[in-house]
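What follows is a single structure, written as structure tokens, with notes after it.
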Amino acid sequence: MEDARLLFDSMVVRDLVSWNIMIDGYTADASLTFGLFQLFLTEGKKPDCYTIGNLLRASIEVNRLEMISELHGFSIKLGLERSNVALVRSLIVAYAKCGSLSNALKLYECTMEGDLISCTALITGFAQQNSFTSCAFDTFKEMILMKTKMDEVVVSSLLKICTTIASISIGRQIHCFSLKSSQIRFDVALRNSLIDMYAKSGVIEDAVLAFEEMEEKDVRSWTSMISGYGRHGNIEKAIGLYNIMEHEGIKPNDVTFLALLSACSHTGETEIGWEILNTMVNKYGIKVREEHLSCMVDMLARGGNLEDAYELMRSKNGITTSLSSSTWGAFLDACRRHGNVQLGKVAAAQLLSMEPKRPVNYVNLASVYAANEDWDNALKTRKLMKETGSCNTDNTLNKRF
DNA sequence: TAAAACCCTC
């Protein structure tokens, strides 16, 4: 890219095509893309649909909604909005991905009704806004009524929503719909979505069916199935499947190991957990992620090995990112359950410095004291919570109602 | 061409 830039800078006459190629080349680094676009504008150039399309992709990358609106404005000014279907589609995708569903919807209703790509973008956009999943299904119903073209991507997106709301009945309906439709190809991604949907909805047998039906399985297929067994508390099956996977020459990834570690933490298999972590690092050279540590900490702390868990949190096993508040939260909860005031206080201090406004942290610390019949400090902690004014900032309730 | 799949614990 540096060479391309040198060549580009040395050009005497730069036409729109060379600008577009350059802007496209920088999509990996959005700030460079935008910088180049500024230069483009100061030179008095006019963007076309390709320039704007490339910039939209960069804006999605860094979640810059105001940039998308600006590019939308450009398209209107240049009259591209009315003539270029692909551009409008890209705008809808960009708005939906960056969370502005109202803008995406407006554009869709004006010009793109019944367009498969736009509908899929709307559906995943709705799915990302927790409380709008029903809108995603409404969009799909409209597609059916309008006899829109369907494909595996849109049903796969819908199945993903079913996993988050754990709706086996909707999931099954979508599965049946896909079987009946001649337009839907059962590719690896769709089959993986099916495994995941059934496993997360609690119907492990159907997840197994979907898994065994596959002629070509990738690492995600195996991981979904392992994770499914782990979630169901079946560690033997999870590890058995991992062994078969290895035997078949499929390389596990960081997520596969996360699924295995999680299975160990559910069943309290501390020794196996350590073994798995070692295999991941030493045999596969996979870097330990914060989530792996979090799992290990939970596993150790749950089993009462609070000291080991704390030691792991301190040493962080060589990873450089800092631990998330949720890891500390899980640790604090384990301290409460095992009545360890000393470590509970350490965890609470850490948590209160990270998120001083979350009541749950105070409540957990108070419970640590209470578990040790230290009513004095329990009461003081409760008081402190009220003083910080954090009682009113619990948005977990707002979310639910 | 674009829109989709595996991700820990509280």
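From a predicted model like this one, the values you see are computed outputs, not experimental measurements. The basis for the numbers below is simple: all heavy atoms, side chains too, and nothing from hydrogens, waters or symmetry mates. Chain letters run A, B, ... following the sequence lines, proteins first and then strands; every chain starts at 1.
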Is A:Glu43 paired with A:Arg14 through a side-chain N to carboxylate O contact shorter than 4.0 Å?
yes
side-chain hydrogen bond (donor to acceptor under 3.5 Å, both in side chains) with A:Glu290: which of A:Ser326, A:Ser324, A:Ser322?
A:Ser324
Taking CD1 from A:Ile226 and P from B:dC8, how many angstroms apart are they, rounded to a whole number?
14 Å
note: A:Leu306, atom CG; B:dT9, atom P; distance rounded to Å ~ 18 Å
For a quick check, with a 4.0 angstrom heavy-atom cut-off, what is the B/S/- contact string for nucleotides 1-7 of chain B, read 5' to 3'?
-BBBBBB
Examine the side chains of A:Thr256 and A:Thr223 and answer whether a donor and an acceptor come within less than 3.5 Å of each other.
yes
Between A:Asp115 and A:Lys149, does any side-chain N to carboxylate O distance fall below 4.0 Å?
no
Is it true that A:Lys357 and A:Glu355 make a salt bridge, defined as a side-chain N closer than 4.0 Å to a carboxylate O?
no
Here the distance between atom P of B:dC8 and atom CG of A:Asp298, to the nearest Å, is 12 Å
Between A:Arg5 and A:Asp9, is there a side-chain N and carboxylate O pair less than 4.0 Å apart?
yes
Let me know the distance between OH of A:Tyr229 and C1' of B:dC8, rounded to the nearest Å.
21 Å
